Structures are given as structure tokens and as C-alpha cells.
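Below you'll find the structure, written out as C-alpha cells, and then a few comments.
All values below were derived from every heavy atom in this structure, side-chain atoms included, with hydrogens, water molecules and symmetry-related copies excluded. These numbers were taken from a predicted model, which means no experiment stands behind them. So you know, we letter chains A, B, ... as the sequences are listed, proteins then strands, and number each from 1.
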2 protein chains.
Amino acid sequence: MSDYKKKLSVPLECGLHLFMVVVNGKWKISLIWCIHSGFKRPSELQRKIPKASRRVLDVQLNQLIGHGIIRKITYDELPLKVEYELTPLGQTLIPVIASTAQWGEDHRGELEVLLR
Amino acid sequence: MSDYKKKLSVPLECGLHLFMVVVNGKWKISLIWCIHSGFKRPSELQRKIPKASRRVLDVQLNQLIGHGIIRKITYDELPLKVEYELTPLGQTLIPVIASTAQWGEDHRGELEVLLR
DNA sequence: TTAGATACGGATAAATTTATCCGTAATTGG
DNA sequence: CCAATTACGGATAAATTTATCCGTATCTAA
């Protein structure tokens, strides 16, 4: 699917950039949070995040898998059933995401005037 | 400079996306961290972040100003002197950035195998 | 047997971000 | 005067990300 190599490398010296690489992507945090909240099936995720097309969610889910944040479980039963779950690494991300989300909420007032 | 309006809107419901809007940009976190660490002048920042061109740093500095994270001080003296400093809002970002950076450091080993 | 649900991915267009190149202007030190 | 330093920004190219459109396949229920 993607043996594509970036030409413009991202600086990774700092731990912060490692975080950024993992969560960058318009819908990734929503996906991580949904999965963490118990919405695990692809169709559920699409319904929870209706502004994103099905295709984009698929692509970003696969990137999260590639980065070791989530895992895909394909049930060998009919009708088709697939679920995603956080890996142990993915779970360690939850409190970090929560703290950045808290920052956003704490400053929503100031930020909303500044952004657009 | 930029009265450009995005056509693809970013979801802002969640506090986390507010954080992302502010720190997204390849060099922004480096810039915030440098300024926080006392490297305030444009030429210092360029020397500290040599992989980024002068132009890109300028653009991203201006975006940070627009988002209320840093402030520009132009000294009315010769030779020319300009400094950036964190706003109060920008300062609240420091512990959050530190926690995401800590996450990256804590998992650098796992991550480096996964990210290419 | 037809519609709607499940699920997946290639190909391409559009949007956005980042990089490169160009130019300006003033000052300092040789 | 000339080169190096300070500082800033427009215009465009290149890279990357996101969106849209197309197609596949199987199963269930009406």
C-alpha cells in the first residue's frame, strides 16, 4: 500500500516530534479517542466521524496500525466483523492526549478569537 | 500577508484539535522551545534550527504570533534588533509540550523501529 | 433479486504545507 | 567601497496530505 518514502524528513531528535508524527493526520486523534471510548468497528467509526470520508478513515487507521498505536482484529465469522483496539503503546498515549485536550479546553475562549 | 481562508475546515469541537492547530507546522515546536529556552532573536533561531530555511521560520513565527502564542518586540535602535517572547498563553503551552515530549522519549525505542 | 449492510483499496484531483529563489533595506567593520 | 550582518516578505515550485470517485466482494432481510 505504501512503500513511499518522504523526501522532506521530519526532525525526530526531540521526543515531541515523535508524538507529532504519530498523531498528525486530520482525523487520527478522533479515531484514537473513539476507539478508546469503545467505538471499535469501522462502520461505527464512520458514523461517529461523519465529516470524514470512509476512505480517509481507512487510510489513517492503517497509518495508526503502521505506527503501532492500534491493532486490527478480523473475526473469522459471518457477517463480516472487524474491530480495532489500542495496543499497549496506544494506551500510553491516552493520558497525553487528555492533557493536550485539557489545555485546549482551558483556553478555548482565547483561542477561538485568534483562530479565524 | 495571509487573508487566506481554508477550504477544508479542521474540526475544533475537541480541545485537542485546538492544541493541534497551534502546534502544527514542521518547525513550530522547535521555535516555541527555543524561545522558551532563551533564544529569542531571529538570527539565533536560524542558527539553532539550521535545517529550516530562514523563510520558513519567518512564516511559522508569524503564524505563532497570529495564534497568540508568541509576541514580537522590535527595538527601536541600531543595529536592528528584534526579539520574540512567549505570551502568557504561550507559556501555558510549555508544560503540555513537555509532557508530550516525555511520552516520545519514554517510547523512543519502540517508535524508532516503527517509524521507518 | 434487489436494496442495504458489512468490509477494502486503487487512482486521481484538490488543498495545503514546505522549500527555494528572488528581491528590499540599513549598519558595521575592514 | 565591499562584504557580512541584521531584518523582512513576495512569488513560485515541490512535496505532502486530504478528498473524491471508482471499483471489488460477501451476507441479510425484504
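- To the nearest angstrom, C1' of C:dT17 lies 15 Å from CG of B:L64.
- The shortest distance between side-chain heavy atoms of A:I69 and A:V23 does not fall below 4.5 Å.
- Atom CG of B:L57 is separated from atom P of C:dT18 by 12 Å (rounded to the nearest Å).
- What separates CG of B:D58 from P of C:dT24 is a distance of 18 Å, to the nearest Å.
- Within the structure, every side-chain polar atom (N or O) of B:N62 is placed at least 4.0 Å from both OP1 and OP2 of D:dC8.
- Taking side-chain N and O atoms only, B:K81 has no distance below 4.0 Å to OP1 or OP2 of C:dT27.
- To the nearest 0.5 angstrom, B:M20 atom CE is 8.5 Å from A:I97 atom CD1.
- In this entry the distance linking CD of A:Q46 with C1' of C:dG9 reads 13 Å, nearest Å.
- Taking 4.0 angstrom as the limit, A:K26 places none of its side-chain polar atoms (N or O) nearer than this to OP1 or OP2 of C:dA15.
- Distance B:E44 CD to D:dT5 C1': 14 Å, rounded to the nearest Å.
- In this structure, A:R41 does not reach the C:dA5 phosphate: none of its side-chain N or O atoms is under 4.0 Å from OP1 or OP2.
- In this structure, CG of B:L45 is placed 16 Å from C1' of D:dT5, rounded to the nearest angstrom.
- Nucleotide C:dT18 holds its P atom 11 Å from the CD1 atom of B:I29, rounded to whole Å.
- Contact annotation for B:K72: backbone-only contact, meaning every heavy-atom pair under 4.0 Å involves sugar-phosphate atoms and none involves a base.
- For A:S43 and C:dA5, the shortest distance from a side-chain N or O to OP1 or OP2 is not below 4.0 Å.
- Interatomic distance, CD1 of A:I70 versus NZ of A:K28, reported as 10.0 Å (0.5 Å rounding).
- When the side-chain contact (heavy atoms from CB on, under 4.5 Å) test is applied to A:R41, the partners found at least two apart in sequence or on another chain are A:S43, A:E44, A:K81, A:E83.
- Side-chain contact check for B:W27 versus B:K51: some heavy-atom pair is nearer than 4.5 Å.
- At least one donor-acceptor pair closer than 3.5 Å links the side chain of B:H107 to the backbone N or O of B:W103.
- One interatomic measurement links the two molecules: CG of B:L61 to C1' of D:dT6, which rounds to 15 Å at whole-angstrom precision.
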Treat primed atoms plus P, OP1 and OP2 as sugar-phosphate and everything else as base, then score nucleotides 20-30 of chain D 5' to 3': B for base contact with protein heavy atoms under 4.0 Å, S for sugar-phosphate contact only, - for none.
BB-B---S---

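- By the 4.5 Å heavy-atom criterion applied to side chains, A:L16 and B:W33 are not counted as neighbours.
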